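Note that the structure is predicted; figures quoted are calculated from it, not measured.
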Amino acid sequence: MADAIQIQAPDGSIIEFPAGTADATITSVMAREFGGPKAAKATVTAQPSNLSAPQMTVDGLGNPIALDLSKPDTAPNLSAGDKTMRALGAVDSGVRAVANGIPFMDRFAAGMGALTGVGGERGDYAGNLEKQRAEDRRLAEAAPIANTAAHLVGGAMLPLGAIGAAAKGGGLLAKSLLSGGAGAAFGGVQGASEAPNFTNAGDVVSRSTKGAALGFGVGGILPATGKAIGAGYNALADALIGAEGMSRPAARHLTNALAADTPAAVRSRLDELGPDAMLADAGPAFLGKTQGAVLNSDEARSIGVGALNARNDATNRRIMGDVDRALGPAEDPQTVTNFIREHRSAVDTVNYPAALNTAPDVQTAPILAQLDYMIPRAVGMERRALTNLRGMMMTTERRPLVDAAGHPQFDNLGHPRFEEIPVNQRDAEVLHKVKQELDNVIQYDAPGLGIPAGAVSRQQGALRMMRGQLNEALEQQVPGYANANRQSAALARRGDAVEAGTQYLGSGKTTPSPERFAGEFGQLEPGEQIAFAKGSRGNIDRVLGTKANDLQALKGELQGEGGWNTAKIATVHGQDAADDLMASVERNAKFRDTHNKVVENSQTAQRRAAAENMKPEPPGEMQLITPQTTGIGLVSAGAKKAANWLINGMRADPTAQYGEMARILTAQGAARDRHLDALATSLLSRDANRAGAPAIGNRAALAAALLENEYLRDRRGTR
């Protein structure tokens with residue numbers, strides 16, 4: 001007779017059915033006797049009476065399932081519904097394993113069963129709790145790895161809570177305290193939940209205390225662990241980052257410098273300095289790298305110093321080129337002045353004769369009357385000049401000599417007699433020459449009017465008045481004379497403007513302010529402004545020629561006190577030109593500063609190092625063997641030297657990449673920009689690593705904490 005079919009009911013009892021009982025019959029009986037699908041939630045496996053008997057399994061809904069032990073998962077006679085029930089049973093087991101990691105979940109399930117009767121007997125809390133824990137043990141024994149993995153998910157509240165608390169802290173200590181506090185709280189709850197009997201208060205307190213202590217430890221080390229793991233990841237990831245066109249060691253050094261100087265500041269500085277600038281000019285960190293490379297490597301010194309010297313030698317030529325582009329080519333002011341004077345003379349040669357050759361007589365009686373009044377009241381050279389002026393403005397006429405009655409007089413031969421009578425000079429051409437004589441004395445302090453040069457430099461008031469009256473008489477009475485005067489005066493003012501353009505920069509007490517100068521310059525005619533600018537450009541060229549080697553002196557000359565000279569240059573040549581001029585000086589001053597700091601300092605250090613290296617060592621200065629030397633000491637010292645020699649031989653030369661760095665740091669133009677772009681890309685990768693490192697560290701620390709917490713819980717459970 002075949003063995004009976006044994007089915008374990010939800011309450012733990014064994015139900016036997018005759019061999020060959022149909023599955024539908026077994027299902028119907030189990031549903032009727034044990035409440036059907038709503039009364040059974042846990043999956044149980046039938047216990048066979050012997051190894052050869054068929055097995056039945058009750059699924060998560062309390063329904064029996066036929067099972068062949070030889071092929072438990074792939075039995076071809078299972079229906080789709082049977083497979084679904086088996087899958088639901090597996091899900092139920094996974095949910096139970098997850099729930100086991102959550103404090104008090106077994107007690108919660110037992111309490112719900114006692115209230116509803118689901119999965120046990122209504123009101124039997126203790127019995128339901130024991131069944132829950134028995135099923136937990138069965139799952140742990142049946143699938144320990146899967147159960148532990150699911151248990152980790154349920155037990156993640158402690159580490160996750162600690163991580164969340166740490167996120168609210170500022171420094172590492174604050175994070176650790178907050179994380180430890182949260183871990184202690186979750187650990188205490190977790191420990192208390194593992195007490196088998198809540199009526200034993202001492203056991204509950206003991207377990208809760210141990211859980212809190214372990215939770216504080218787990219939570220407290222999470223921030224430091226995460227930071228350490230993140231830092232390690234960041235260091236490893238950074239070590240693997242390179243830059244296009246350069247070795248990893250060189251890229252590491254230069255990327256650090258770019259990070260210190262910041263990409264935005266470096267690019268801005270290079271834009272200001274132009275294509276001749278080098279990375280060595282772009283910031284303190286890059287300058288320091290250049291100095292370090294040049295000081296510590298012969299190859300780097302040759303490359304770096306050579307490039308800096310070549311650029312420094314071209315300083316004057318570079319500045320002159322910049323100024324030519326900004327202000328235009330320079331002209332010698334005296335050459336410009338001579339040209340204007342020659343042109344004025346040519347114009348005067350045409351205009352004045354045209355007016356004077358056909359001029360009528362000029363009446364100058366009022367002028368002579370004024371002279372007659374002023375001469376007795378003048379003294380010294382002024383009186384002499386006025387007297388001579390009156391003489392120049394007088395002439396004589398040959399008139400018939402008459403007696404008192406007005407009858408002509410004759411000589412012995414019967415010829416009419418004549419006399420020279422003083423009269424006013426009426427010839428316009430002569431009066432024009434008298435005015436020129438006055439101009440020589442008044443404007444140029446030249447000899448004239450019968451007096452030496454400069455004789456009346458302080459007494460020109462009367463002469464100026466006479467010159468004005470004479471000029472007015474000529475302009476009013478001689479057609480075309482006023483126009484000739486205007487053209488001649490305009491050219492004269494242009495010549496004066498050239499000279500003024502060579503003198504307006506300065507810092508003396510009489511130097512006009514930029515505002516006053518701008519007002520005066522604005523009143524000049526366009527031709528005079530052009531002439532002034534030519535004089536200014538020539539003077540700037542003179543300053544460049546005498547100060548270019550001393551860039552600080554040149555800068556001071558062109559800026560002046562408070563920037564007055566720069567503002568005046570902007571008035572004459574335009575703001576853009578003035579900005580370009582000063583930018584060139586600033587730019588080349590920066591280049592000179594880099595050259596001095598790298599080249600001059602490196603030469604000092606190089607001389608010192610060479611002196612030390614080539615200094616002869618006096619014989620006997622270092623005694624290898626002394627009376628105090630022992631055999632052990634001699635062997636020990638020799639072994640130490642040999643070890644150092646081997647270690648130094650195996651160690652990579654830290655200066656091997658300095659030559660490459662010097663070439664990159666002194667590159668110019670497009671090559672410099674390519675290197676900068678490569679370093680910026682490398683820095684972005686490093687920033688991405690740095691940004692992701694804390695999250696990676698926290699995840700790794702969380703995983704470690706989960707395993708640690710589960711291990712400690714298992715350790716508590718075995719005690």
Taking all non-hydrogen atoms of both residues into account, name the closest pair between [X] and [Y] and its distance.
X      : Y      : result
Phe286 : Leu279 : CB-O, 3.0 Å
Gln575 : Ala570 : OE1-CB, 3.4 Å
Leu491 : Arg344 : CD1-CA, 3.4 Å
Arg494 : Gly527 : NE-CA, 3.8 Å
Ala553 : Lys547 : CB-CD, 4.2 Å
Ala533 : His573 : O-CE1, 3.4 Å

Under the salt bridge (Lys or Arg N to Asp or Glu O under 4.0 Å) rule, what do Arg311 and Asp281 come out as? Steps first, then yes or no, please.
-> CA-CA 12 Å; Arg311 185 178 67 174; Asp281 307 309; 2.6 Å; yes

Could you tell me the separation between the [atom1] atom of [X] and the [atom2] atom of [Y], rounded to the nearest 0.5 Å?
X      : Y      : atom1 : atom2 : result
Glu244 : Leu679 : CD    : CG    : 11.0 Å
Gln291 : Asn296 : CD    : CG    : 11.0 Å
Thr511 : Gln503 : OG1   : CD    : 11.0 Å
Arg592 : Thr315 : CZ    : OG1   : 4.5 Å
Thr566 : Leu581 : OG1   : CG    : 7.5 Å
Lys534 : Leu327 : NZ    : CG    : 12.5 Å

Can you name the residues that form a side-chain contact (heavy atoms from CB on, under 4.5 Å) with Ser584, not counting sequence neighbours?
->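 Result, side-chain contact (heavy atoms from CB on, under 4.5 Å) vs Ser584: Ile319, Asp322, Arg587, Asn588.
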
With Lys289 via side-chain contact (heavy atoms from CB on, under 4.5 Å) - residues at least two apart =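 side-chain contact (heavy atoms from CB on, under 4.5 Å) list for Lys289, sorted by chain: His253, Ala257, Met661, Leu665.
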
One thing to verify: whether [Y] and [X] come together as a salt bridge, which I'm taking to mean a side-chain N less than 4.0 angstrom from a carboxylate O.
X      : Y      : value
Arg537 : Asp324 : yes
Glu660 : Arg663 : no
Lys590 : Glu586 : no
Arg301 : Asp298 : yes

A quick test of your reading: do over 12 heavy atoms of other residues, nucleotides or ligands sit less than 6.0 Å from [atom1] of [X]?
X      : atom1 : answer
Gln443 : CD    : yes
Arg267 : CZ    : yes
Phe517 : CZ    : yes

Would you say [X]'s side chain and [Y]'s backbone share a donor-acceptor pair under 3.5 angstrom?
X      : Y      : value
Ser297 : Ala293 : no
Thr655 : Tyr658 : no
Asn256 : Arg252 : yes
Asn565 : Gly506 : yes
Gln668 : Asp276 : yes

Show your working on side-chain hydrogen bond (donor to acceptor under 3.5 Å, both in side chains) between Asn338 and Glu342 and close with a plain yes or no.
-> CA-CA 6 Å; Asn338 291 341; Glu342 290 173 2; over 6 Å; no

Decide side chain to side chain contact (heavy atoms under 4.5 Å, CB included) for Gln529 and Phe521; before the verdict, give the C-alpha distance in whole Å, the side-chain angles of both, and the deciding distance to 0.1 Å.
-> CA-CA 7 Å; Gln529 292 183 350; Phe521 185 80; 3.7 Å; yes

Beyond-backbone contact of [X] with [Y], side-chain heavy atoms, under 4.5 angstrom:
X      : Y      : result
Val294 : Leu308 : no
Arg325 : Asp580 : no
Leu558 : Leu554 : yes
Glu528 : Asp496 : no

Tell me whether the centres of the aromatic rings in Tyr504 and Phe532 are closer together than 6.0 Å.
-> yes

Residues at least two apart in sequence or cross-chain that pass side-chain hydrogen bond (donor to acceptor under 3.5 Å, both in side chains) with Thr335, listed by chain then number, are Asp332

Where do Arg672 and Leu676 land on the side chain to side chain contact (heavy atoms under 4.5 Å, CB included) test, with the steps shown first?
-> CA-CA 6 Å; Arg672 176 205 68 194; Leu676 178 58; 5.6 Å; no

